[in-house]
Asker: 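I have a structure here, written as structure tokens, and I will follow up with some questions on it.
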Protein chains: 2
Amino acid sequence: MATRKSKSKSKAKCCAETPLNLDGVSDGELLARLAKAVAHPARVTILRMLIERDSCVCGEIVGELPLAQSTVSQHLKILKESGLVQGDIDGPKVCYCVNKPMLKMLQTLVAGLK
Amino acid sequence: MATRKSKSKSKAKCCAETPLNLDGVSDGELLARLAKAVAHPARVTILRMLIERDSCVCGEIVGELPLAQSTVSQHLKILKESGLVQGDIDGPKVCYCVNKPMLKMLQTLVAGLK
DNA sequence: AATGTCCATCGTCGATCAACGATGAGAGGA
DNA sequence: TCCTCTCATCGTTGATCGACGATGGACATT
């Protein structure tokens, strides 16, 4: 599958949509959680990178950050746990992309502070 | 400077506006900092309380949260350090209010994630 | 002057974060 | 098969957070 690596639908959204189930979480707590996920410069960078390109392989992220691979993986894990990001396995690589509904939720909650 | 006493009971904005000097801080770092300030449910509650009422005495905040006074004071300190909130001494009390330009900045940065 | 109220700060303790190297699991390519 | 590449996870270390009680300072009232 040599064609798989650079081919797989240039701007493809690799990730299936997640319906973002929010169990009994108040929106205050949800805002706090999402804010916490964004509360680190490296994670802001990662998030922006994933937004700019529609999806992104983990290795590219590591390549652009002055951090060890394991550290980047940790940040990605935090972003995934927050729901802002999801990742799908694509062969030996892992493709990450933004969970847009969750990002929208964050934006709505922050915009609602007024 | 005459009546800066405790008579200012009404919805007075007790706080002078701060020009929010952001020296060499990238907007990614700024977003991370502001997000960190919001990244706790108690601080979200405090922020919303300060937004709802135009200003708020510290004691009222303590009265509405299930936390010790010292803990609330810590959260207020974090919010102040982030620039999202400012506090002015008004006699024996301390009046807190939201720094609207900074809140607006947070909203702009989050809304810019797209 | 003495007292009471309001709030910030200190010191502490357990929990979590942030970073790293090392190791391991999967998927291809040789 | 064996090896390489990619990524997640483990284990560790130092720093920071989050909570509390206790202390102390500034101010108003007595």
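Throughout, protein chains are lettered first and strands after them, A, B, ... in sequence-line order, and every chain is numbered starting at 1.
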Asker: Taking NZ from B:K93 and P from D:dT29, how many angstroms apart are they, rounded to a whole number?
Answerer: 11 Å

Asker: Please state how far atom CD in A:Q69 lies from atom P in C:dA22, giving the value in whole angstrom units.
Answerer: 13 Å

Asker: How many angstroms lie between atom NE2 of B:H75 and atom CG of B:L65, to the nearest 0.5 angstrom?
Answerer: 8.0 Å

Asker: Rounded to the Å, how far apart are A:L76 CG and D:dA8 P?
Answerer: 6 Å

Asker: Which nucleotide in the list C:dC7, C:dA22, D:dA8 gets nearest to the side chain of B:C58?
Answerer: C:dC7

Asker: What's the CD1-P distance between A:I61 and D:dC7, to the nearest Å?
Answerer: 9 Å

Asker: Sub-3.5 Å donor-acceptor pair from the side chain of A:Q107 to the main-chain atoms of B:L113, do we have one?
Answerer: yes

Asker: Under 4.0 Å: is that the gap between some side-chain N or O of B:T71 and OP1 or OP2 of D:dA19?
Answerer: no

Asker: On DNA chain D, nearest-nucleotide positions of A:V94 versus A:K36: which is more 5'?
Answerer: A:V94

Asker: Over all strands shown, is A:I89 touching base, sugar-phosphate only, or nothing at heavy-atom distances under 4.0 angstrom?
Answerer: nothing

Asker: Side chain of A:Y96: nearest nucleotide among D:dG18, D:dA8, C:dA8?
Answerer: D:dA8

Asker: Mind calculating the distance between CD (A:Q74) and P (D:dG11) to the nearest angstrom?
Answerer: 13 Å

Asker: Compare the minimum distances between each of C:dC17, C:dA22, D:dA8 and the side chain of A:S70, then state the nucleotide with the smallest one.
Answerer: C:dA22

Asker: When we call it a touch if two heavy atoms are under 4.0 Å apart, what does A:L67 touch: a base, just sugar-phosphate, or nothing?
Answerer: sugar-phosphate

Asker: How close or far is atom P of C:dA18 from atom CD of A:E81, stated in whole angstroms?
Answerer: 12 Å

Asker: Exactly one of B:L103, B:L84, B:V110 should register a side-chain contact (heavy atoms from CB on, under 4.5 Å) with B:L34. Which one does?
Answerer: B:L84

Asker: Could you check how far CG of B:L79 sits from P of C:dA8, rounded to whole Å?
Answerer: 12 Å

Asker: Can a side chain N or O of B:H75 be found less than 4.0 Å away from OP1 or OP2 on D:dC17?
Answerer: no

Asker: Could you tell me whether the side chain of A:N99 and the main chain of A:Q86 form a donor-acceptor pair under 3.5 Å?
Answerer: no

Asker: Looking at the side chain of A:P92, which of D:dA28, C:dG26, C:dA8 is the nearest nucleotide?
Answerer: C:dG26

Asker: Provide, to the nearest angstrom, the distance between the NE2 atom belonging to A:H40 and the C1' atom belonging to C:dA19.
Answerer: 9 Å

Asker: Can you tell if the side chain of B:D27 reaches within under 4.5 Å of the side chain of A:R48, non-hydrogen atoms only?
Answerer: yes

Asker: Between C:dC20, C:dA8, D:dC17, spot the one nearest the side chain of A:A68, thanks.
Answerer: C:dC20

